[in-house]
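Since the structure comes first, as structure tokens, the remarks are kept for the end.
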Amino acid sequence: MLTRRHIRVKVMQCIYALIHSKDDSLEKQQGFLNASIDKMYTLYLLVLSLLIEIQKHAEAQVTLSTKKYLADSTDEYPQKDRFANNGLLLQLAGNPLLKEALSKRKLKNWYLNEEYVKLIYKDIIRSETYQAYMRRPSQTYEEDKKLVQVLFKEVIAPNEKIYDYFEDDQLTWVDDIPIVNTFVLKLLRKVTKEQHPSFFLPELLKDEQDREFAQQLLIKTLLNDAKWEKEIEGKTPNWDKDRIADIDSILLKMAICELLNFSSIPEKVTINEFLEIAKEYSTPKSSIFINGILDKLVKEYKADGKLKKMGRGLL
């Protein structure tokens, strides 16, 4: 789920938090980094559990509609419980491993905040996609799957109230939401009717090397801060360090650290990754500024024999 670029962003966030909190505790920042990575999985589980709660709410609505004495909009549908019996939603709701993961982390957010479930459900039943699905004469797993994909992409993921809820819960989730939503949508597209329950519980990191990469990038960037500062000053003679944006300074130090300390990562990969991060998180001209400095440094490091790379490298 987490790529190396996402990991770099999380390291950047930790260093930024340290600078602005005036807290120089490396141990505390290592803990913050680990927690930030792990909480992303909590966000993923909450998104899946929202789908489960929507199915449960739909089921409850069907039960209520059978007790009504007056006709309502659902009477026009040939099968009132079609959405409640959506094959993919039932697959999620009945997944024992997913239930265990939610229980283990004590994630009852939607149970305690059911107004969000109701809000999403109302948006769903008002959508043309839902109404067309409910009017169909038949129901197949593939049709069920396609419906959930479209509703997730067009109704659930873009919902601003859900976004605000996640942001209020954990500030670091602001950057994680698009990543998690994209990943969930990929799973919804790939899932099959006979899929093993573990399919919905993927590993957060590809392997432990990724977590080690995150920790080492954080530690080596922070412990050698003065050294990286001098490297930057040498390539920006007309710039006062106070005029360099905090994010630009952090990204430059991280990039220099990675260039000199991670031999398995090609310099082109390092430069490209940090330029892309700069485009997203800093000023419009930051990527040009950072690229100019890194380009000079790479040429200098190569000439001095400082840049020692080996292997194919990883993103």
Taking all atoms of both residues into account, what is the closest heavy-atom pair of [X] and [Y], and its distance?
X	Y	result
L119	K161	CD1-CD, 3.1 Å
C14	Q29	O-OE1, 3.0 Å
F289	D248	CD2-OD2, 4.1 Å
F32	T172	CZ-CG2, 4.0 Å
F262	C257	CD1-O, 4.0 Å
A157	N181	CB-ND2, 3.7 Å

Run the side chain to side chain donor-acceptor pair (under 3.5 Å) check on E194 and Y141 step by step: do they pass? CA-CA 11 Å; E194 296 77 24; Y141 180 82; over 6 Å; no
How long is the gap from [atom1] on [X] to [atom2] on [Y], to the nearest 0.5 Å?
X	Y	atom1	atom2	value
L205	L2	CG	CG	5.5 Å
N224	E229	CG	CD	12.5 Å
L46	R105	CG	CZ	9.5 Å
F200	L45	CZ	CG	12.0 Å
K190	F199	NZ	CZ	7.0 Å
K227	K253	NZ	NZ	14.0 Å

Taking atom [atom1] of [X] as the centre, does the number of heavy atoms from other residues, nucleotides or ligands within less than 6.0 Å exceed 12?
X	atom1	result
E115	CD	yes
Q195	CD	yes
K146	NZ	no

May I ask whether [X] and [Y] are part of the same hydrophobic cluster, defined by side-chain heavy atoms of I, L, V, M, F, W, Y residues being less than 4.5 angstrom apart, directly or through others?
X	Y	value
L92	L90	no
L97	V47	yes
L187	L48	yes
L151	I125	yes

Quick one, [X] and [Y] - any side-chain contact, counting heavy atoms below 4.5 Å?
X	Y	result
D123	R126	yes
M12	R8	no
S264	F213	no
I54	I156	yes
I265	E258	yes
W173	T42	yes
I177	M40	no
I277	I247	no

Pair [X], [Y]: side-chain N/O donor-acceptor within cut-off below 3.5 Å:
X	Y	value
Y133	Q139	yes
S49	W110	yes
Q216	N261	no

In terms of relative ring orientation, are Y116 and Y165 parallel, tilted or perpendicular, with 30° and 60° separating the classes? tilted
Give the ring-plane orientation class for F83 versus Y121, where under 30° counts as parallel, over 60° as perpendicular and anything between as tilted. tilted
Contacts of K56 meeting side-chain contact (heavy atoms from CB on, under 4.5 Å) (sequence neighbours excluded), chain-then-number -> I52, E53
Using the side-chain contact (heavy atoms from CB on, under 4.5 Å) criterion, which residues pair with K299? Sequence neighbours excluded. D295
List the steps, then state whether salt bridge (Lys or Arg N to Asp or Glu O under 4.0 Å) holds for K306 with E300. CA-CA 8 Å; K306 291 182 179 179; E300 185 180 292; 5.1 Å; no
Using modelled atom types only, decide if a donor and an acceptor are shared between the side chain of [X] and the backbone of [Y] within a distance under 3.5 Å.
X	Y	result
Q215	D210	no
N86	D144	yes
K10	I37	no
S103	E100	no
E59	A84	no
S249	D246	no
S36	L33	no
K108	L102	no
H6	T3	yes
K145	V191	yes

Applying side chain to side chain contact (heavy atoms under 4.5 Å, CB included), run through L185 and R189 and close with a yes or a no. CA-CA 6 Å; L185 190 57; R189 285 171 176 161; 3.5 Å; yes
Worked verdict on I250 versus I19 for side chain to side chain contact (heavy atoms under 4.5 Å, CB included): CA-CA 10 Å; I250 292 168; I19 291 171; 3.7 Å; yes
Take D225 and T221 through the test side chain to side chain contact (heavy atoms under 4.5 Å, CB included) and record every step on the way to the result. CA-CA 6 Å; D225 183 75; T221 300; 5.9 Å; no
Kindly indicate whether a cation-pi arrangement holds for K279 with F274, taking the cut-offs as under 6.0 Å to the six-membered ring centre and within 45° of the axis. no
Is there a side chain to side chain contact (heavy atoms under 4.5 Å, CB included) between Q170 and L43? Walk through the geometry before answering. CA-CA 9 Å; Q170 297 288 335; L43 174 62; over 6 Å; no
Between N113 and N109, does a side chain to side chain donor-acceptor pair (under 3.5 Å) hold up when you go through it step by step? CA-CA 6 Å; N113 299 278; N109 298 52; over 6 Å; no
